[in-house]
Asks: 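One structure, pasted below without further comment.
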Amino acid sequence: MKQLPEKFLKNMQTLLGEEFAMFLNSYKQSVFKGLRCNNNKINLEFLQNILNLKEYKTIDFIPAIIINESIKLGNNPLHHAGLFYIQEPSAMLPPLCTKYKEDDIVLDLCASPGGKSGEIAERIPNGLLVSNEIITNRAIVLKENMIRMGYTNNIVTSTTPQNLEKLGAVFDKILVDAPCSGEGLFRKDENTINEWYDGINEKNSLRQLEILESASKLVKAGGEIIYSTCTFSKVENEDVIEKFLKEHQDFYLGEITTEVKALTTNGINNIGRRVYPHKNMGEGQYMALLVKKADIEYNTYKSKSCMRNLTNKEQVIVNNWIKTNMNNCNFNIKAYEDNICIIPPKEINTKGIFVLKYGTILGKIENDRLIPNHNVFVSYGNLFKQKLEYSLHDEDVQKYLKGESLEVDTNIKGYAVICVEGYALGGVKISNNRANNLYPKHLRI
């Protein structure tokens, strides 16, 4: 491992005192690596059996296990099918610092690559999750992960926190997993060591307070902001929370769930919770819960939504495609630019905000035909009339993931879903016993 920055080591020695030697020793140990089950699709025990990972340690109250860092599952067909997400264990904790209602409207303000967004989406089946990432390239990765995992109650946006302020105080809960110095990633990713410099903590704290300022204007009265980082720096953690509360008398420090408390260490001066690699199950994390007082009234932004109703012609084309290919569907369908979308249970105004995904992208209409998007196959594969079923180790599954066409012995014609162990992997269009591959080129192995 690369040499840790001298100033960082001095900061940690001051912070930990007698525990500093144990902290240093943890850098000689294996990195914590977690696998979180997608509860919307499969339960953990069944997933472990399919992947033959039954002997690995489970994580209390989270559908996840600690796995050996040498295990590579990125190209496993079940990963492509969105049944699990590889995620560092302590990174699973911030979304769980509070309890959710099934119909909550939630904002994940700094959401890429999407692990924490996925946890939230699974807890609000009748609600709405807006996952935002300011950097467009990272927002594209976020969108692909949310599609892969099959979340239908989700909007992916790419804009600044300040631009989102136009929405007003419309969110029940907001997660601010703030950009930080990444000290908790030093053991996992040595590149973060190269990026660390004296003064980075102070610089980041200013940006973190700016993001929290926007979040404070977006959360409802009585709502909550979860603040988290993957750094050990007091300057970026407890000091940020103290300064925010001092400047915002309409907020107070909330009580983090008992489940998260059991897996973490008390923050400095009892402000929030921490994860240390020498004491807890994870690389490094800080969390605090901020609650907006319920007796404060705020104005909300109102304007025409960016979503439009389908034209009569579009409606006929879409209805015919759904009737031909899917069962028992009663979708709320609208259009965003040229994308036909299946709208989530709740809507939110996104006028003036760059949207990469609104609910589920059904497809586009070209030459009076609906061309389906990969999104609809993975999110609603169980509703398709025609399916081709394969086992996990079938050679045709690997051919499909490579983008090859498949020879099939079937009378099926038209669109069908490729299923692996019963779980939707993507789509094909069948003609003359040939399944033409619709798996997106940028996802192929």
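The first residue of the sequence shown is numbered 1, and numbering continues consecutively from there. The model shown is predicted, which means the values in this text are computed figures rather than measured ones.
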Asks: Output all residues satisfying salt bridge (Lys or Arg N to Asp or Glu O under 4.0 Å) with Lys402, sequence neighbours left out; order by chain, then residue number.
Replies: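 Residues passing salt bridge (Lys or Arg N to Asp or Glu O under 4.0 Å) with Lys402: none at all.
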
Asks: Could you note down all residue pairs passing side chain to side chain donor-acceptor pair (under 3.5 Å) where residues 409-433 supplies at least one of them, sequence neighbours left out?
Replies: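 For residues 409-433: none.
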
Asks: Which residue is it: Leu425, Leu392, Asn38? I am looking for the one with a side-chain contact (heavy atoms from CB on, under 4.5 Å) to Leu78.
Replies: Leu392

Asks: Under the rule for side-chain contact (heavy atoms from CB on, under 4.5 Å), what residues qualify as partners of Asp394, not counting sequence neighbours?
Replies: Tyr390, Ser391, Asp396, Val397

Asks: Would Asn201 and Ser181 count as having a side-chain donor-acceptor pair, cut-off 3.5 Å?
Replies: yes

Asks: Under the salt bridge (Lys or Arg N to Asp or Glu O under 4.0 Å) test, which residues partner Glu119, sequence neighbours left out?
Replies: none

Asks: Does a donor on one side chain sit under 3.5 Å from an acceptor on the other, for Glu224 and Thr98?
Replies: yes

Asks: For residues 211-233, which residue pairs pass the ring pair (Phe, Tyr, Trp, His ring centres under 6.0 Å) check, not counting sequence neighbours?
Replies: Phe23-Phe232, Phe232-Tyr276

Asks: Can you list everything that forms a side chain to side chain donor-acceptor pair (under 3.5 Å) with Lys313? Sequence neighbours excluded, please.
Replies: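 With neighbours one apart ignored, the set is Asp368.
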
Asks: Partners of Arg36 by salt bridge (Lys or Arg N to Asp or Glu O under 4.0 Å), sequence neighbours excluded?
Replies: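 Residues passing salt bridge (Lys or Arg N to Asp or Glu O under 4.0 Å) with Arg36: Glu122.
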
Asks: Return the set of residues passing side chain to side chain donor-acceptor pair (under 3.5 Å) with Lys116 (not counting sequence neighbours), or none when no residue passes.
Replies: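 Result, side chain to side chain donor-acceptor pair (under 3.5 Å) vs Lys116: Asp177.
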
Asks: Enumerate donor-acceptor pairs with a distance under 3.5 Å from any side-chain N or O in residues 53-74 to protein atoms, sequence neighbours excluded.
Replies:
{"from": "Asn68", "atom 1": "OD1", "to": "Ser70", "atom 2": "N", "distance (Å)": "2.8"}
{"from": "Asn68", "atom 1": "OD1", "to": "Ser70", "atom 2": "OG", "distance (Å)": "2.7"}

Asks: List the residues meeting side chain to side chain donor-acceptor pair (under 3.5 Å) with Glu102, not counting sequence neighbours, and say none if there are none.
Replies: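 So Glu102 forms a side chain to side chain donor-acceptor pair (under 3.5 Å) with Asn126.
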
Asks: Restricting to side chain to side chain donor-acceptor pair (under 3.5 Å), what partner residues turn up for Trp321, sequence neighbours left out?
Replies: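 Counting only residues at least two positions away or on another chain, Trp321 forms no side chain to side chain donor-acceptor pair (under 3.5 Å).
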
Asks: Quick one: list whatever passes salt bridge (Lys or Arg N to Asp or Glu O under 4.0 Å) with Glu283, sequence neighbours left out.
Replies: Arg187

